[in-house]
Amino acid sequence: MPELPEVEVTRRGIDLPLRDALVLGLRLGKPLRWPLGCDPAKVQGQRIGPVLRRGKYLWVPLHPESSGGGPAGGLLLHLGMSGSLALLAQAPPPGPHDHFDLLTTQGTLRLNDPRRFGAVVWSPALDQPPAAALLARLGPEPFDPELTPQRFHAALQRHRAPIKSVLLAGGAVVGAGNIYACEALFQAGIHPGLRSDRLSRPRAEKLLAAVRATLARALTLGGSTLRDFSDVHGMSGAFQTEAAVYGRAGQACGRCGAAIRRIVQLQRSTYYCAQCQKR
DNA sequence: CTGGGCTCCTGTCAGC
DNA sequence: TGCTGACAGGAGCCCA
């Protein structure tokens with residue numbers, strides 16, 4: 001489900017409402033990808049700081065009150081394939097897929113995640129384990145001005161795998177998952193099977209611009225909702241309605257009319273137009 | 001070191 | 001209607 005736009009939409013939905021809220025408690029449901037890694041009582045009484053996003057991870061910083069509480073730290077959250085967060089003023093009893101509640105003075109932050117590929121992990125700091133280890137492999141943020149076309153091209157030159165796979169791996173740029181990688185490649189006119197190191201400098205530049213444009217457009221539309229993503233207010237995203245290729249196998253390409261194809265790369269579906277996207 | 005396959009888990013949908 | 005298999009937005013881990 002959640003790629004960078006969905007995670008960022010989520011971050012924006014919880015950041016201000018939770019700012020400076022006090023943690024009243026924490027409830028865990030069925031196990032997620034990893035154990036929380038701390039005593040749930042440890043976060044009680046902590047104050048919530050600005051919520052950050054890195055790649056598809058969210059970081060909820062916690063600071064102890066001067067009067068007491070445990071040491072500073074935070075919660076690293078990942079929504080996995082099927083996770084979504086809701087901020088509830090009056091939290092109903094947890095459903096079968098509600099596996100994490102952070103009870104605060106500003107409402108309950110609830111993670112719903114049917115497939116449980118998501119995670120909530122306590123870490124003493126972003127740059128310390130376990131958070132640091134998880135973030136270490138992430139490439140640059142797509143909107144980081146330091147990610148120049150030259151650097152992007154250089155990163156692509158280091159891989160011989162298909163360009164689609166390299167985008168998904170996130171080492172050259174983070175945030176484009178299966179939907180947005182397909183869409184960006186279409187927009188850039190690049191075949192998903194093209195070897196990464198065969199992209200010319202101009203095409204790499206075009207691809208970077210397409211990744212940025214695709215993610216930005218998705219952000220303004222509130223992300224994509226294929227089956228179960230919703231923002232913290234329960235609202236669906238709208239990007240999927242204007243996806244050019246994703247999920248459209250057999251349909252006519254909006255640009256040239258050729259049938260959109262579906263292939264499998266890394267056990268994931270790739271959609272593309274063989275007419276518009278060239279090696 | 002790199003690339004790619006497997007795996008975690010539950011739900012949905014198409015086809016028989 | 002019911003069963004079965006394919007597939008689903010991620011990504012860490014392991015092996016060749």
Side-chain angles (χ1 to χ4, degrees), chain A residues 1-10 29-35 37 53-58 76-85 95-100 111-121 129-139 155-185 192-198 211 214-215 218-219 221-231 236-243 245-250 262-271:
Chain A
M1 155 230 137
E3 304 181 37
L4 185 144
E6 292 76 26
V7 178
E8 177 61 19
V9 162
T10 299
K30 292 168 83 171
L32 294 165
R33 177 159 195 167
W34 299 296
R53 180 192 56 74
R54 176 74 177 97
K56 297 168 192 169
Y57 286 92
L58 290 174
L76 191 69
L77 279 75
H78 198 289
L79 301 179
M81 279 282 247
S82 58
S84 59
L85 287 171
H97 301 308
D98 295 328
H99 302 302
F100 172 83
L111 173 67
N112 180 275
D113 185 5
R115 293 178 74 180
R116 292 192 281 129
F117 292 169
V120 181
V121 176
L134 294 170
L135 302 182
R137 73 194 72 224
L138 300 183
L156 297 186
Q157 291 293 108
R158 289 194 281 271
H159 297 277
R160 280 176 281 191
I163 182 63
K164 162 84 182 315
S165 306
V166 172
L167 284 177
L168 285 188
V173 60
V174 290
N178 210 28
I179 298 178
Y180 303 119
C182 289
E183 293 299 313
L185 286 167
L194 175 63
R195 262 176 57 160
S196 179
D197 61 351
R198 297 264 174 85
V211 167
T214 302
L215 295 178
L219 258 174
L221 292 177
S224 299
T225 299
L226 262 52
R227 29 167 41 88
D228 53 15
F229 174 75
S230 62
D231 69 15
S236 295
F239 181 89
Q240 72 283 357
T241 63
E242 59 178 66
V245 289
Y246 187 85
R248 300 195 184 280
R262 171 184 176 275
I263 59 173
V264 174
Q265 296 175 296
L266 293 176
Q267 295 104 239
R268 320 284 303 278
S269 291
T270 295
Y271 300 90

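To find a chain, count down the sequence lines: A is the first, B the second, and so on, and within it residues start at 1.
Counting heavy atoms from C-beta outward, A/Glu3 and A/Ile179 have side chains that approach closer than 4.5 Å. Side-chain atoms of A/Asp113 and A/His97, non-hydrogen and from C-beta on, never get closer than 4.5 Å to each other. Using a 4.5 Å heavy-atom threshold, the side chains of A/Arg33 and A/Arg116 count as separate. Contact of the A/Leu185 side chain with the A/Lys164 side chain is registered, since non-hydrogen atoms from C-beta on lie closer than 4.5 Å.
A distance of about 22 Å separates the P atoms of B/dG11 and C/dA11, rounded to the whole Å. B/dC6 sits 13 Å from C/dA6 when the P atoms are compared, rounded to a whole Å. If you take atom P in C/dC7 and the same atom in B/dG5, they sit 15 Å apart, rounded to whole Å.
Listed candidates were C/dG10, C/dA8, B/dG3. Nearest to the side chain of A/Ala161 is B/dG3. Nearest to the side chain of A/Arg262, among C/dC7, B/dG11, B/dG3, sits C/dC7. For A/Arg115, counting side-chain heavy atoms from C-beta on, the closest listed nucleotide (C/dA8, B/dG11, C/dG9) is C/dA8. With B/dC9, C/dG9, B/dG11 as the candidates, the nucleotide lying closest to the side chain of A/Leu226 is C/dG9. Relative to the side chain of A/Tyr271, the nucleotides C/dG9, C/dA8, B/dC9 differ in distance, and C/dA8 lies closest. With C/dA8, C/dA11, B/dT10 as the candidates, the nucleotide lying closest to the side chain of A/Lys30 is B/dT10. The side chain of A/Ser165 sits closest to B/dG4 out of B/dG11, C/dG9, B/dG4. With C/dG10, C/dC7, C/dC13 as the choices, the nucleotide that has an atom nearest any side-chain atom of A/Ser269 turns out to be C/dC7. Closest to the side chain of A/Leu134, from the set C/dG9, B/dG3, C/dG12, is C/dG12.
An OP1 or OP2 oxygen of C/dA11 is reached within less than 4.0 angstrom by a side-chain nitrogen or oxygen of A/His78. Look at A/Arg137 and you won't find any side-chain N or O under 4.0 angstrom from OP1 or OP2 of C/dA11. At B/dT10, one or more side-chain N or O atoms of A/Arg116 fall inside 4.0 Å of OP1 or OP2 (strictly under the cut-off). Note on A/Arg268: a side-chain N or O is less than 4.0 Å away from OP1 or OP2 of C/dG10. A/His97 has a side-chain polar atom (N or O) that falls below the 4.0 Å cut-off from OP1 or OP2 of B/dG11.
Atom CG in A/Leu266 sits roughly 14 Å away from atom C1' in C/dC13 (whole-Å rounding). Between the C1' atom of B/dT2 and the CZ atom of A/Arg160 lies a distance of 7 Å, rounded to the nearest Å. In this structure, A/Asn178 places its CG atom 5 Å from P of C/dG9, rounding to the nearest Å. Rounded to an integer number of Å, the gap from A/Leu32 CG to B/dT10 P is 11 Å. Straight-line distance from the CZ atom of A/Phe229 to the P atom of B/dT12: 19 Å, rounded to whole Å. Residue A/Leu168 contributes atom CG, which lies 13 Å from atom P of B/dG3 at whole-angstrom precision. Rounded to an integer number of Å, the gap from CZ of A/Arg227 to P of C/dG9 is 9 Å. The distance between atom CZ of A/Arg158 and atom C1' of B/dG3, rounded to the nearest whole Å, is 16 Å.
In this structure, A/His99 NE2 and A/Asn112 CG are separated by 7.0 Å, a value rounded to the nearest 0.5 Å.
Here A/Pro162 lies in heavy-atom contact (under 4.0 Å) with sugar-phosphate atoms only. If you check every strand for non-hydrogen atoms under 4.0 Å, A/Tyr180 touches nothing. Contact annotation for A/Phe239: no contact, since no heavy-atom pair falls under 4.0 Å across all strands.
A donor atom on one side chain and an acceptor atom on the other are found under 3.5 Å apart for A/Thr270 and A/Gln265. Under 3.5 Å, the side chains of A/Ser224 and A/Tyr180 contain a donor-acceptor pair of N or O atoms.
Side-chain atoms of A/Ser165 do not come within 3.5 Å of backbone N or O of A/Ala161 as any donor-acceptor pair. In terms of modelled atom types and a separation under 3.5 Å, the side chain of A/Glu6 and the main chain of A/Gly223 share no donor-acceptor contact.
Base pairing in DNA chain B gives the following stems of 3 or more Watson-Crick or G-U pairs, range against range and under 3.5 Å: B:2-8 with C:10-16, B:10-16 with C:2-8.
Looking at which nucleotide of DNA chain B each of A/Phe117 and A/Gln265 is closest to, the 5′-most match is held by A/Gln265. When the nearest nucleotides of DNA chain B are assigned to A/Val166 and A/Arg33 by heavy-atom distance, the more 5′-ward of the two goes with A/Val166.
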